[in-house]
*Asks:* 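Below is a structure I'd like to ask you about.
Note on naming: letters A, B, ... go to the chains in the order of the sequence lines (proteins, then strands), and numbering restarts at 1 for each one.
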Amino acid sequence: MLLVKDIRDNVATMKASLTKRGWDESKVAILDQIIELDDQRKKMQTLSDAELSKINTLSGEIGQLYKSGKPGEAEALKSQIADIKTTNESYVSQLKEAEEKLETHLLSVPNIPHESVPPGQTEDDNEVYKEWADPLPELDGSPHWDLGTQYNILDFNLGNKIAGAGFPVFRGKGSRLQRALINFFLDESTSAGYEEIVPPLLVNEDTARGTGQLPDKDGQMYYCEKDDLYLLPTAEVPITNIHRGDLLNEGQLPIKLTGYTPCFRREAGSYGAEVKGLNRVHQFDKIEIIQVTTQDKSYETLMQMLNHIEQLLIKLELPYRILRLCGGDLGFTSALTFDFEVYAAAQKRWLEVSSVSNFETYQSNRLKLRYKDQSGKKHLAHTLNGSALALARIIVALLENNQTPEGIVIPDVLRPYTGFDIIN
RNA sequence: GGAAGAAUGGCAGAGCUGGUUUAAUGCACUAGUCUUGAAAACUAGCGUACGUUUACGCGUACCGGGGGUUCGAAUCCCUCUUCUUCCGCCA
């Protein structure tokens, strides 16, 4: 959520930046409405406060009058208060109305794109930030869904039977590969200084609101109505909320957290090759890295995280490229996002395996996550997160790219974790 | 799942038979005095948010969350949440 103060100070530049998300003149006018609503809110609060102040003063006098045995005069003051209350009720209802509208308006405005974000509507307009320099692997191998069946490591029909489409079952060496990747990624995170967290997999409404999944992505989360809990779509949600409401000292920053969780996504409306096999599923495993930083360090931190993720792909020996998302493809809450894609050689397509974002103060404003600088002044923190990495599609690339007539070759770096060097 | 009790500022802990509570007191913290320095002692300061003011300041709200009674609520009532203790169940 944006801050009204920032909107007031930078209306013109914010409007210009929002056009990168494809917002036109009529849409950016909401910023003017927000300022007007805030004016209204302030006006009504001032009026209401004045009435409440009168009531407080008179109530004190009534107390004194009763004490000094003048109940008659006290009664007279009571009737005065009744009138003041009537006046105040009108102010309060106008105040509440302005506050509610202001909140609704603010929630409907996405984060302001960073200056480096390219304009554009769709993923085709994303900027290739780093291209894969070597030639891409060329092979006439099987797609991963066939390999999964061939080696009996991945079973989609079984998933259908137990849960439904989009819930794959791993077995045997497939399961072990999964566990190996989780442990490898977590070890890499923790040795880079991230504290490992095992969070709850179900979260309450306040938590989902804190990181911005609510109200924006309501339909994407699984929801347990009886208990009013949401299955998490990403570990970002519970882990970033660890510091919701906190006032930290600058010395405690940066806070670096990591965690492995399954992720649950309802993911409406796609078809064909896009969702075939493991390309898009309702449940997948992901290791997330999260940082909370001071305002001046966050972009430096973003590049650090980008580098961390890049090293993982290099160690796994997978062809990858890095995209800088254009305004139209940028997530609602993000100011700047880089996507990592790996090349799946059999499908001959790029698959997104990581997304690294700087949310600046957009999340911390809702989270009320602040820090005190050395002079004691309070600032909203900057929050960042990235996948390091998402498993399902990494497995796709490993299976498809590393297939040989003898079997699927496991990259060196994973062998201590799998305990085998080939799946056959 | 059942019963009883509890939730107050960074921490501890009064207030809880409704009206100088602008939430006592202690600890912690910050600044100063003293000291070669430190400790101790002493003095002063010390919650959050919103509004208002050039500024000093002033106003309003906040005692787990929400609602109610009242001229007036930390205090009374309702409700939800969490914690503690006991019982039941259980990996």
*Asks:* Rounded to the nearest 0.5 Å, what's the gap from CD on A:Glu360 to NE2 on A:His382? Could you check?
*Replies:*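 Separation between the atoms: 5.0 Å.
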*Asks:* Using atom P in both nucleotides, what's the gap between B:A12 and B:A4 to the nearest angstrom?
*Replies:*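 That atom pair is separated by 27 Å.
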*Asks:* If you assign each of A:Asp49 and A:Gln45 to its closest nucleotide in RNA chain B, which residue comes earlier from the 5' end?
*Replies:*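 Closer to the 5' end of RNA chain B: A:Gln45.
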*Asks:* Could you check how far CG of A:Leu229 sits from P of B:U81, rounded to whole Å?
*Replies:*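 From A:Leu229 CG to B:U81 P: 12 Å.
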*Asks:* Take the protein atom NZ of A:Lys5 and the nucleotide atom C1' of B:A49, then report the distance between them rounded to whole Å.
*Replies:*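 My rounded result for the distance is 16 Å.
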*Asks:* May I have the distance from A:Asn88 (atom CG) to B:G72 (atom P), rounded to whole angstrom?
*Replies:*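 Rounding to the nearest Å, CG of A:Asn88 and P of B:G72 are 11 Å apart.
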*Asks:* Sticking with atom P, work out how far B:G68 lies from B:A74, rounded to a whole angstrom.
*Replies:*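 Here B:G68 and B:A74 have their P atoms 15 Å from each other.
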*Asks:* Could you give the distance separating B:U8 and B:G2 at their C1' atoms, to the nearest angstrom?
*Replies:*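 The answer is 30 Å between these two C1' atoms.
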*Asks:* For A:Asp39, is there an ion pair with A:Lys42 - N to carboxylate O distance below 4.0 angstrom?
*Replies:*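 Between A:Asp39 and A:Lys42 there is no salt bridge, as every charged N stays at least 4.0 Å from the carboxylate O atoms.
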*Asks:* Looking for any heavy atom pair under 4.0 Å, which part of the strands does A:Ile62 touch: base, sugar-phosphate only, or nothing?
*Replies:*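 Base, at least one base atom sits under 4.0 Å.
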*Asks:* May I ask you to evaluate whether A:Ser59 reaches the phosphate of B:G19, defined as a side-chain N or O under 4.0 Å from OP1 or OP2?
*Replies:*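 False: A:Ser59 side-chain N/O out of range (4.0 Å or more) of B:G19 OP1/OP2.
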*Asks:* Would you tabulate the pairs of protein nitrogen or oxygen atoms and nucleotide nitrogen or oxygen atoms of nucleotides 7-11 of chain B closer than 3.5 angstrom?
*Replies:*
none

*Asks:* When the C1' atoms of B:G64 and B:U84 are considered, how many whole Å apart are they?
*Replies:*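 The same atom, C1', in both gives a distance of 15 Å.
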*Asks:* Using atom CD of A:Gln40 as one end and atom P of B:G51 as the other, report the distance to the nearest whole Å.
*Replies:*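 Interatomic distance, CD of A:Gln40 to P of B:G51: 14 Å.
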*Asks:* Counting only side-chain heavy atoms from C-beta out, which of B:A49, B:G51, B:G72 sits nearest to A:Arg370?
*Replies:*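 Output: B:A49.
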*Asks:* State whether A:Lys78 places a side-chain N or O below 4.0 Å from either non-bridging phosphate oxygen (OP1 or OP2) of B:G72.
*Replies:*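 So the side-chain polar atoms of A:Lys78 never come under 4.0 Å of the phosphate oxygens OP1 or OP2 of B:G72.
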*Asks:* Out of B:A61, B:U48, B:G72, which has the shortest distance to the side chain of A:Lys85?
*Replies:*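 Closest of the options to the side chain of A:Lys85: B:G72.
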*Asks:* Of the nucleotides B:G19, B:U60, B:C50, which has the atom closest to the A:Asn56 side chain?
*Replies:*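 Of the options given, the side chain of A:Asn56 lies nearest B:U60.
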*Asks:* Please determine, for the side chain of A:Leu52, which listed nucleotide (B:G19, B:G51, B:A61) has the closest atom?
*Replies:*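 Nearest to the side-chain atoms of A:Leu52, counting from C-beta on, is B:A61.
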*Asks:* Which nucleotide sits closest to the side chain of A:Ile55: B:G72, B:G51, B:U60?
*Replies:*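 Closest nucleotide to the A:Ile55 side chain: B:G72.
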*Asks:* Which nucleotide wins on minimum distance to the side chain of A:Lys378, given the candidates B:U60, B:U48, B:U52?
*Replies:*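 Selected nucleotide: B:U48.
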*Asks:* Please state the P separation for the pair B:G45 and B:A24 - nearest whole angstrom.
*Replies:*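 Approximately 13 Å lies between the P atom of B:G45 and that of B:A24.
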*Asks:* Using a 4.0 Å heavy-atom cut-off, does A:Lys54 contact any base of the nucleic acid, only the sugar-phosphate backbone, or nothing at all?
*Replies:*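 A:Lys54: no heavy atom of the nucleic acid under 4.0 Å.
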*Asks:* Under a cut-off of 3.5 Å for both distances of each Watson-Crick or G-U pair, what dot-bracket string does RNA chain B give, using [ ] for crossing pairs and | for inter-strand pairs?
*Replies:* ((((((((.[[[..)...(.....]]].(((((.......))))).((((((....)))))).[[[[[..)....]]]]])))))))....
*Asks:* Rounding to an integer number of angstrom, what distance separates B:G72 and B:A28 when you compare their P atoms?
*Replies:*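 Rounded to whole Å, the distance is 42 Å.
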*Asks:* Any donor-acceptor pair under 3.5 Å linking the side-chain atoms of A:Tyr230 with those of A:Asn204?
*Replies:*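 Result is no, nothing qualifies.
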*Asks:* Do the side chains of A:Glu99 and A:Lys96 get close enough for a salt bridge, i.e. N-O under 4.0 angstrom?
*Replies:*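 Not counted as a salt bridge, because no side-chain N and carboxylate O are separated by less than 4.0 Å.
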*Asks:* Pick the nucleotide of RNA chain B nearest each of A:Lys43 and A:Ala50; which residue has the one closer to the 5' end?
*Replies:*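 Here A:Lys43 is the residue nearer the 5' end.
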*Asks:* Indicate whether OP1 or OP2 belonging to B:C50 is found under 4.0 Å from a side-chain N or O atom of A:Arg41.
*Replies:*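 Checking B:C50 against A:Arg41, no side-chain N or O comes under 4.0 Å of OP1 or OP2.
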*Asks:* Looking at A:Lys101 and A:Glu97, is there a salt bridge between them, counting it only when a charged N and a carboxylate O are closer than 4.0 Å?
*Replies:*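 A salt bridge links A:Glu97 with A:Lys101.
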*Asks:* Give me the distance, rounded to whole Å, that separates B:U81 from B:A44 when you measure between the P atoms they each carry.
*Replies:*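 Comparing P positions in B:U81 and B:A44 gives a spacing of 47 Å.
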*Asks:* For the pair made of CD1 in A:Ile81 and P in B:A73, what is the distance, rounded to whole Å?
*Replies:*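 It is 10 Å, rounded to the nearest whole Å.
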*Asks:* Drop me the distance from A:Asp6's CG to A:Leu31's CG, to the nearest 0.5 angstrom.
*Replies:*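 The distance works out to 11.5 Å.
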*Asks:* Is it the case that over 12 heavy atoms from other parts of the model lie below 6.0 angstrom from the CZ atom of A:Arg8?
*Replies:*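 Correct, the count exceeds 12.
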*Asks:* Both conditions, 6.0 Å and 45 degrees, for the charged tip of A:Lys173 above the ring of A:Tyr151: are they met here?
*Replies:*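 Pair A:Lys173/A:Tyr151 does not count as cation-pi.
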*Asks:* Run the numbers on A:Ser364 and A:His243 for side chain to side chain contact (heavy atoms under 4.5 Å, CB included), then give the verdict.
*Replies:* CA-CA 9 Å; A:Ser364 62; A:His243 291 290; over 6 Å; no
*Asks:* Taking the P atom of each, how far is B:U22 from B:A61, in whole Å?
*Replies:*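 Each nucleotide's P atom is 11 Å from the other's.
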*Asks:* Just how far, in rounded Å, is P of B:C80 from CG of A:Asp228?
*Replies:*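 So the CG-P distance, A:Asp228 to B:C80, works out to 15 Å.
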*Asks:* Rounded off to whole Å, could you give me the NZ-to-C1' distance for the A:Lys372 and B:C29 pair?
*Replies:*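 Distance, rounded to whole Å: 10 Å.
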*Asks:* Expressed in angstrom and rounded to an integer, what is the separation of A:Leu95 atom CG from B:A49 atom P?
*Replies:*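 Going from CG in A:Leu95 over to P in B:A49 covers 19 Å.
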*Asks:* Over all strands shown, is A:Leu77 touching base, sugar-phosphate only, or nothing at heavy-atom distances under 4.0 angstrom?
*Replies:*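 Nothing, no nucleic acid heavy atom in range.
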*Asks:* Counting neighbours of CD on A:Glu61 that are heavy atoms of other residues, nucleotides or ligands and sit closer than 6.0 Å, is the number greater than 12?
*Replies:*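 Yes, because the 6.0 Å sphere around CD of A:Glu61 holds more than 12 heavy atoms from other groups.
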*Asks:* Side chains of A:Thr333 and A:Asn111: do they bring a donor and an acceptor to under 3.5 Å?
*Replies:*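 On atom types as modelled, these side chains do not qualify, holding no pair under 3.5 Å.
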*Asks:* Does the distance from a Lys or Arg side-chain N to an Asp or Glu carboxylate O, for A:Arg209 and A:Asp206, drop under 4.0 Å?
*Replies:*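 The answer is no: the pair does not qualify as a salt bridge.
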